[in-house]
Amino acid sequence: MSNIEQTLSIIKPDAVERNLDIEIKSIFQNQGFKIVKEKKLKLEKSEAEQFYKVHETKPFYNDLCEYLSSGTIVVMILEKENAIKSNRNLMGATDPHKAEEGTIRKLYGKSIDKNSVHGSDSPENAKIEIDFFFKN
Ligand code: IDP
Ligand code: MG
């Protein structure tokens, strides 16, 4: 049975500042993802804190929110069969040093925090994250 899903993808500040957004978008498109909506923006720190609220008890939470709000990001709704899992596979492991060959984080990530891309991890979170950026 077909299972077309939408997921939220973010090209993080470390990648946008190196002008990698066009290249990363073409990887998604070449892998069959449709970019349904996209926008380029810079978050306030308070908005990053809201976006990453699930991580608020983690020791790296403050640095993570500082970082996500430190520069321009590109936010996209990606659509494909099993988009959520498919995007997580294409992104690779959180730590680029542990990411598989050919994944976006292996190709472009600099460190566990500056790992170039975000992707929703479940259908529930995909919906919450898509609404966060694209509702209204
Ligand atoms: P994910 O992005 O692969 O889903 P999460 O565990 O959800 O990974 O963590 C969210 C983000 O927090 C990561 O992408 C990374 O930027 C940052 N992060 C995760 N673990 C660490 C850590 O141990 N130190 C610093 N930053 C981290
Ligand atoms: Mg996550």
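Treat the numbers as computed from the prediction; the structure is a model and nothing was measured.
Salt bridge Arg105/Glu100: absent, no basic N to carboxylate O contact under 4.0 Å. Taking a cutoff of 4.0 Å between a charged side-chain nitrogen and a carboxylate oxygen, Asp21 and Lys25 do not qualify as a salt bridge.
To the nearest 0.5 Å, atoms CD (Glu129) and CD1 (Ile77) are separated by 11.5 Å. Note that CD of Glu66 and CZ of Phe60 are 15.0 Å apart. Values are rounded to the nearest 0.5 Å. Put simply, CD on Gln6 and CD on Glu79 are 4.5 Å apart, with the number rounded to the nearest 0.5 Å. Atoms NZ and CD, on Lys34 and Gln29 in that order, are 11.5 Å from each other to the nearest 0.5 Å. Taking CZ of Arg88 as the start and OG of Ser122 as the end, the distance is 9.5 Å to the nearest 0.5 Å. The CG atom of Asn82 lies 11.5 Å from the OG1 atom of Thr7; values are rounded to the nearest 0.5 Å.
At least one side-chain heavy atom of Ile27 sits under 4.5 Å from a side-chain heavy atom of Leu107. Residues Asn87 and Leu78 are in side-chain contact: their nearest non-hydrogen atoms beyond the backbone lie under 4.5 Å apart. Side-chain contact between Asp113 and Asp63: absent, with no pair of heavy atoms (C-beta onward) separated by less than 4.5 Å. Looking only at side-chain heavy atoms (C-beta outward), Glu44 and Ser69 stay at 4.5 Å or farther from each other.
A side-chain donor-acceptor contact under 3.5 Å links Asn30 to the backbone of Ser26. For Thr103 (side chain) and Ala99 (main-chain N/O), no donor-acceptor pair under 3.5 Å exists by modelled atom type. Listed for the Ser70 side chain is a donor-acceptor partner under 3.5 Å among the backbone atoms of Tyr67. A donor-acceptor pair is defined here as one N or O able to donate and one able to accept, closer than 3.5 Å; such a pair exists between the side chain of Lys80 and the backbone of Gln31.
When only modelled atom types and interatomic distance are considered, Lys40 and Thr72 share no side-chain donor-acceptor pair under 3.5 Å. A side-chain donor-acceptor contact under 3.5 Å links Asn62 and Lys45. Residues Lys12 and Asn115 have side chains that bring a donor and an acceptor to within less than 3.5 angstrom of each other. A donor-acceptor pair shorter than 3.5 Å can be found between the side chains of Asp14 and Ser116.
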Verdict with supporting geometry, Glu5 and Lys85, salt bridge (Lys or Arg N to Asp or Glu O under 4.0 Å)
CA-CA 10 Å; Glu5 293 177 330; Lys85 183 75 188 144; over 6 Å; no

With side chain to side chain contact (heavy atoms under 4.5 Å, CB included) as the criterion, how do Lys110 and Arg18 come out once you've worked through the C-alpha distance, each side chain's angles and the decisive distance to 0.1 Å?
CA-CA 11 Å; Lys110 299 205 285 197; Arg18 287 177 284 157; 3.6 Å; yes

Give the intermediate values and the outcome of side chain to side chain contact (heavy atoms under 4.5 Å, CB included) for residues Ser86 and Phe33.
CA-CA 9 Å; Ser86 179; Phe33 288 92; 3.4 Å; yes

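Within a 6.0 Å radius of NZ in Lys58, more than 12 heavy atoms belonging to other residues, nucleotides or ligands are found.
Cluster annotation: Leu68 is not connected to Ile11 through the hydrophobic network of ILVMFWY side chains, with a link wherever side-chain heavy atoms come within less than 4.5 Å. Linking Ile, Leu, Val, Met, Phe, Trp and Tyr whenever their side-chain heavy atoms come within less than 4.5 Å puts Leu64 and Phe133 in one cluster. In this structure, Ile73 is a member of the same hydrophobic cluster as Val36, with clusters built from ILVMFWY side-chain heavy atoms closer than 4.5 Å. In the hydrophobic cluster analysis, where Ile, Leu, Val, Met, Phe, Trp and Tyr join through side-chain heavy atoms closer than 4.5 angstrom, Leu41 is grouped apart from Met76. Placement of Val117 and Val75 in two distinct hydrophobic clusters is found when ILVMFWY residues are connected by side-chain heavy-atom separations under 4.5 Å, directly or transitively.
Between Ala48 and Cys65, the shortest heavy-atom contact is CB-O, 3.6 Å.
Under the 6.0 Å distance and 45° angle rule, Lys39 counts as a cation-pi partner of Phe134.
For Tyr108, the ring-ring contact (aromatic ring centres under 6.0 Å, His included) test picks out no residue, with sequence neighbours left out. Remark: Phe132 pairs with Phe51 by the ring-ring contact (aromatic ring centres under 6.0 Å, His included) rule, at least two apart or across chains.
A perpendicular orientation is assigned to the rings of His118 and Tyr52, their planes being inclined by more than 60° (bins at 30° and 60°).
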